[in-house]
2 protein chains.
Amino acid sequence: MKLVRSSGYSATSVDQLCAEAGVTKGAFFHHFPTKEALGVAAAEYWSASTSGYFAAAPYHHHADPVDRVLGYIDFRMALIGGPVEGFSCVAGTMVQEAFRSSAAIRVACEASIMGNAKALEADLADAIAQRGVRGTTPESLARHVQTVIQGSFVLAKTQNGDASADLAREQLGHLRRYFSMLFGAAREENLQ
Amino acid sequence: MKLVRSSGYSATSVDQLCAEAGVTKGAFFHHFPTKEALGVAAAEYWSASTSGYFAAAPYHHHADPVDRVLGYIDFRMALIGGPVEGFSCVAGTMVQEAFRSSAAIRVACEASIMGNAKALEADLADAIAQRGVRGTTPESLARHVQTVIQGSFVLAKTQNGDASADLAREQLGHLRRYFSMLFGAAREENLQ
DNA sequence: GACTGGATACCGACTGGTTGGTACGTTTTT
DNA sequence: AAAAACGTACCAACCAGTCGGTATCCAGTC
């Protein structure tokens, strides 16, 4: 995770990986047939650990589905801080490099990102139904959350120091505002 | 451009570059001292060619600044189609890989992305002033446009075939809706 | 208009180090 | 005793970058 997030997938060599993990090359290739397989496993591990992390987060307790959705965004914003390597996404980083060269990695990263999106769909569906939002779907909005998150990481990488985290947080603020308006405005309209 | 967009920066070798360009390695290293210098030059070329392209686009003619901003988004949406390599961003792709290993490339990509954002700031400032939007700045909104664009490219890379372009276009649709609500709702509020 | 000298453009073989991956032996677990 | 885990030495291919040489251009000179 550490090496891929700071150097990218292809610039990270198997030798570096082994040195960082305190493992010999023989052991590495005993467990993974190729470097590509490690990439797939990394995406799957990332997927499993993040989905577990978000499932245990506190924002699920809100009664109002809109509060749950905004709570998720607030939670994501609170996670952003320090150097980019500390909050960026392994799947997003890998798929950018490997989408054409490795179908297996592409699919694993797709599963990670879309799986993360899927965890929001139920709350978004409730929010849409309750506030009578039209013209979009919970699936599309869930993807938009991921879009803004991934995009904020790209822009964060153009900065150095604290500016990275500040920029990423600022951008999630716009996502929050969009959802706030989308569900808030629809509510007012609904009450007329 | 072609090789970086489809294979990424570090997975693209100087030999491949030379073969693709029909140039020998001697010629390459005559013009660029290092591969990194080519990366910087690529970002600068990308920056110059895209800014020229957008400066000549038709959306500037609208009288209403909000129409100019939405026109920009529509223009970007119209550019999306075919394989991801055809519409993705060279600067966004490179900075993801090289932000830690090469400060020069990071800065060149920052200049490209932020320069593209800057081109929208005047219209956004006019729109904010005219509609009385509060709580954000033209700079922040301009960055948000780039965030959604870059994020949509990342998500597009998780898909294959036509689904890539469809997903990217769908996501720019949310950006359009956000701006539409932000400036539209503020207008109604303003007229009360 | 022919000649010259120096600068620039370009070529392609070469180098030292690195790459992902293998072969084969040894240790540890079951 | 068998199988899984792990270590070491090694390999061919490839990597960015170098180097000595050649071709081309152009300003100045006669």
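Whole-Å rounding puts the B:Leu38 CG to D:dA16 C1' distance at 12 Å. Remark: P of C:dG21 and CG of A:Leu17 are 12 Å apart, rounded to the nearest angstrom. Atom OH in A:Tyr9 sits roughly 10 Å away from atom C1' in C:dG20 (whole-Å rounding). As rounded to whole Å, 12 Å separates atom P of C:dT19 from atom CG of A:Leu3. Whole-Å rounding puts the B:Phe28 CZ to C:dG12 C1' distance at 16 Å. Counting to the nearest Å, the P atom of D:dA16 and the CD1 atom of B:Ile105 are 12 Å from each other. For the pair A:Lys35 NZ and C:dT22 P, the interatomic distance rounds to 15 Å; values are reported in whole Å.
Between A:Thr24 and D:dC6, a side-chain N or O to OP1/OP2 separation shorter than 4.0 Å is absent. One finds a side-chain N or O of A:His31 lying less than 4.0 angstrom from the OP1 or OP2 phosphate oxygen of D:dC6. Proximity of A:His30 to the phosphate of D:dC6: no side-chain N or O atom is located under 4.0 Å from OP1 or OP2.
By the salt bridge (charged side-chain N to carboxylate O under 4.0 Å, His left out) test, B:Arg76 pairs with no residue at all, sequence neighbours left out.
For the pair A:Lys35 and A:Tyr9, the distance from NZ or CZ to the six-membered ring centre is under 6.0 Å and the angle to the ring normal is within 45 degrees.
Counting only heavy atoms from C-beta on, A:Thr34 has its side chain closest to C:dG21 among D:dC15, C:dG21, C:dT8. Taking only side-chain atoms of B:Phe29, from C-beta outward, the nucleotide of D:dG17, C:dT19, C:dG20 with the closest atom is D:dG17. For A:Ala27, counting side-chain heavy atoms from C-beta on, the closest listed nucleotide (D:dG7, D:dA4, C:dT8) is D:dG7.
Residues A:Arg131 and A:Asp64 are paired through a salt bridge, judged by an N-O separation under 4.0 Å between the basic side chain and the carboxylate.
Aromatic ring pairs are classed by plane angle as parallel below 30°, tilted from 30° to 60° and perpendicular above 60°; the pair B:Tyr178 and A:His174 is perpendicular.
Residue A:Leu167 is not grouped with residue A:Phe87 when hydrophobic side chains (ILVMFWY) are merged at heavy-atom distances under 4.5 angstrom, including chains of intermediate members.
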Which pairs, protein N/O on one side and nucleotides 26-28 of chain C N/O on the other, fall under 3.5 Å?
none

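Side-chain rings of A:Phe54 and A:Tyr72 approach one another, their centers coming within less than 6.0 Å.
Comparing A:Val23 and B:Asp15 by the nucleotide of DNA chain D whose heavy atom lies nearest to each, the residue mapping closer to the 5' end is A:Val23.
For A:Lys25 against D:dG7, a side-chain-to-base donor-acceptor contact under 3.5 Å is absent.
There is no side-chain donor-acceptor pair under 3.5 Å between B:Thr147 and A:Ser152.
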